[in-house]
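Presented below is the structure to which this report refers.
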Amino acid sequence: MAMLRKWVIFLVTITWCTHSFGQSADPELTENIEIGLSTETITITSDFSGADLTIFGAVDNIDPLLMRQGRYDIVVVLEGPSRNIVVRKKSRVLGIWINTNATSFRNVPASYLVSMTRNPQDITDDRSYKQLALGADNIYIEPINENGDKRTIAEFREALRATKKSGALYSERVGGVQYLSSNLFRASLALPASVPLGTHKARAFLFKNGRFLKETSDQLHIAKSGFEQAIYRTAQDYGLIYGFLAVLLAMATGWLGRIIFQRD
Amino acid sequence: MGIYLPIAEVSVNIFVLLAMGGAVGFLSGMFGIGGGFLITPLLIFYNIPPAVAVATGANQVIAASFSGAMAHLKRGTLDVKLGGILLIGGIAGASVGVYVFSLLRALGQLDLIVSIMYVVFLGIIGGLMLIESIRAIQRSRKGGSSSLKKPGQHNWIHKLPFKIRFRKSKLYVSAVPVVGIGAVVGFLSSIMGVGGGFIMVPAMIYMLKVPTNVVIGTSLFQIVFVASFSTIVHSHTNQTVDVVLAFLLMIGGVAGAQYGAKVGQRLRGEQLRALLAALVLAVGLRLAFDLFIEPANVYSLSVLQAV
């Protein structure tokens with residue numbers, strides 16, 4: 001049974017104390033964005049098959065007129081832990097498909113989930129996205145061997161992005177950020193079944209009239225729940241003991257089977 | 001009902017795994033085989049990463065082999081001395097196998113080599129069995145005897161040095177081919193995740209001339225130890241043994257084997273072997289097919305590992 005769970009992460013709106021009194025005299029400059037996570041850790045259970053994650057946040061000191069006109073845009077990103085990744089390419093050798101080429105990339109986010117108020121091209125232009133390294137197509141993915149062939153690197157980098165996208169690990173949800181009131185918003189992100197474990201970084205970007213204003217971030221830890229995590233950690237940290245236990249379990253199962261079914 | 005496999009890192013259906021274990025257990029009971037060489041390809045077809053399928057297959061094999069070996073020990077159809085000598089080779093072969101396994105994995109060629117080895121071995125074994133069983137069926141139709149073993153016949157193996165006497169097997173044979181067979185089976189056990197009974201049993205019967213009544217017990221005895229060794233070493237070096245997956249397969253396997261054994265007693269030997277041969281060939285063909293068709297995505301990603 002695929003149960004879809006919904007985690008709701010509440011905001012902590014204490015933005016009013018983040019500004020000095022002097023600044024509040026000029027409301028034009030003091031727009032601010034905050035997200036707050038009520039929990040630092042999310043645990044996924046054994047039947048996890050993907051879920052929606054909701055992050056709440058607030059914008060402050062905004063111009064109510066511009067807000068009504070929909071000139072404030074928000075982009076929320078949940079970036080997974082970084083890993084060094086090998087991209088391998090298969091090609092046909094004597095009729096068989098074999099991995100023949102490979103390129104390794106440094107510090108690639110294992111997942112990159114984006115949620116935004118509108119179509120990306122309506123929020124700001126490509127140059128801003130590039131400058132902010134915002135969006136799956138704009139994050140830096142650099143090869144470990146920087147002296148490789150430029151075209152090959154570009155090809156493998158593109159393949160990496162495409163593969164991540166097809167596995168829903170790099171995703172984009174247009175209209176996923178919605179205003180609940182004039183200054184509260186809610187961002188929903190699609191956590192895929194294969195969401196990477198570890199420390200994720202939640203970031204929120206505020207745009208006004210197509211111009212980037214502010215960014216805020218917070219951390220979120222995604223872990224396997226009790227039993228699975230215990231097995232995984234034991235396998236990783238105590239491989240030898242784990243191996244012995246696996247053997248004992250198998251022998252006990254075989255022995256019990258013999259008793260139950262009285263073979264001979 | 002879905003279950004998350006902590007090491008394979010995929011969600012799978014618990015009933016599919018139980019059924020898979022049960023079906024292979026049924027066949028293993030029916031034909032008297034370990035079934036490891038069917039479990040690993042089936043797991044690969046079910047999208048379990050090959051590295052995990054192989055290491056978990058080795059773990060799963062222990063359960064059925066252990067209960068089988070205990071039964072043979074009780075009946076006195078187990079040559080511990082012969083099994084021990086086979087084991088020396090087995091441990092050496094398995095050590096080399098696990099090292100080669102890690103190396104292939106780091107090079108990104110593990111999946112390919114595992115598939116090719118399966119295609120080759122399943123093809124050879126299935127083909128030989130099919131030919132042999134068809135001949136046996138033809139012979140029995142003509143009314144001739146279908147005896148396989150011709151005692152007293154000697155071949156080049158019996159001219160090798162380091163001869164050892166095995167009382168239980170009524171054998172006087174060189175230790176060299178015994179250790180050699182053990183090593184080959186140990187190597188295959190760790191690379192393919194199989195017990196290796198499908199190679200061990202014919203090799204013992206045809207090459208060493210071990211009497212058929214002690215062959216199965218002795219083979220199971222050495223498989224228990226080699227598969228245990230492979231499991232522990234895989235777990236230590238590659239962390240690819242998934243106990244949840246192995247346990248589900250074992251439960252299905254232990255239950256399935258009981259019913260398989262009952263059905264097997266009612267069917268005739270040659271037809272049974274022809275049936276198994278066809279099955280082995282079908283699994284081999286399916287794996288071969290996957291090697292030749294163009295993959296949906298020619299690119300694959302994996303986390304960088306140090307060699």
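Note on naming: letters A, B, ... go to the chains in the order of the sequence lines (proteins, then strands), and numbering restarts at 1 for each one.
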- [ ] Under 4.5 Å heavy-atom distance to chain A, tell me which part of B:A255 shows up: side chain, backbone, both or neither.
- [x] both

Open item on the list: Determine whether A:D137 and A:K130 satisfy the following criterion, salt bridge (Lys or Arg N to Asp or Glu O under 4.0 Å), listing intermediate values before the conclusion.
Closed with: CA-CA 9 Å; A:D137 293 328; A:K130 283 233 157 59; over 6 Å; no

TODO: Please list, in residue-number order, every residue in residues 289-297 of chain B that has a heavy atom less than 4.5 Å from any heavy atom of chain A; write 'none' if there are none.
DONE: B:L291, B:F292, B:I293, B:E294, B:P295, B:N297

TODO: Using non-hydrogen atoms and a 4.5 Å limit, figure out which bit of A:R83 sits close to chain B: side chain, backbone, both or neither.
DONE: side chain

Open item on the list: Tell me if the aromatic rings of B:F225 and B:F229 count as close, with their centers under 6.0 Å from one another.
Closed with: no

- [ ] Select one option (side chain, backbone, both, neither) describing which atoms of A:F227 are under 4.5 Å from chain B's heavy atoms.
- [x] side chain

- [ ] Classify the side-chain pair A:T100/A:S91 by whether it contains a donor and acceptor separated by less than 3.5 Å.
- [x] yes

- [ ] Examine whether an atom of A:L94 lies under 4.5 Å from a heavy atom of chain B, and if so say whether it belongs to the side chain, the backbone or both; otherwise answer neither.
- [x] backbone

Open item on the list: Applying side-chain hydrogen bond (donor to acceptor under 3.5 Å, both in side chains), can you list everything that pairs with B:N238, at least two apart in sequence or on another chain?
Closed with: B:S102, B:H234

Expected list for residues 193-200 of chain A: side-chain donor-acceptor pairs under 3.5 angstrom, two or more places apart:
from: A:T199; atom 1: OG1; to: A:H221; atom 2: ND1; distance (Å): 3.1
from: A:H200; atom 1: NE2; to: A:P196; atom 2: O; distance (Å): 2.8

Task: Largest heavy-atom contact set with chain B, pairs under 4.5 Å, which of A:A252, A:A162, A:G243 - done: A:G243

TODO: Select one option (side chain, backbone, both, neither) describing which atoms of B:V244 are under 4.5 Å from chain A's heavy atoms.
DONE: side chain

TODO: Determine which residues belonging to residues 50-59 of chain B lie within contact range of chain A, meaning some heavy atom pair is under 4.5 Å apart, and list them by number or answer 'none'.
DONE: B:N59

Task: B:L112, part contacting chain A, at a heavy-atom distance under 4.5 Å - done: side chain

Task: Under-4.0 Å salt bridge between A:E155 and A:K89 - done: yes

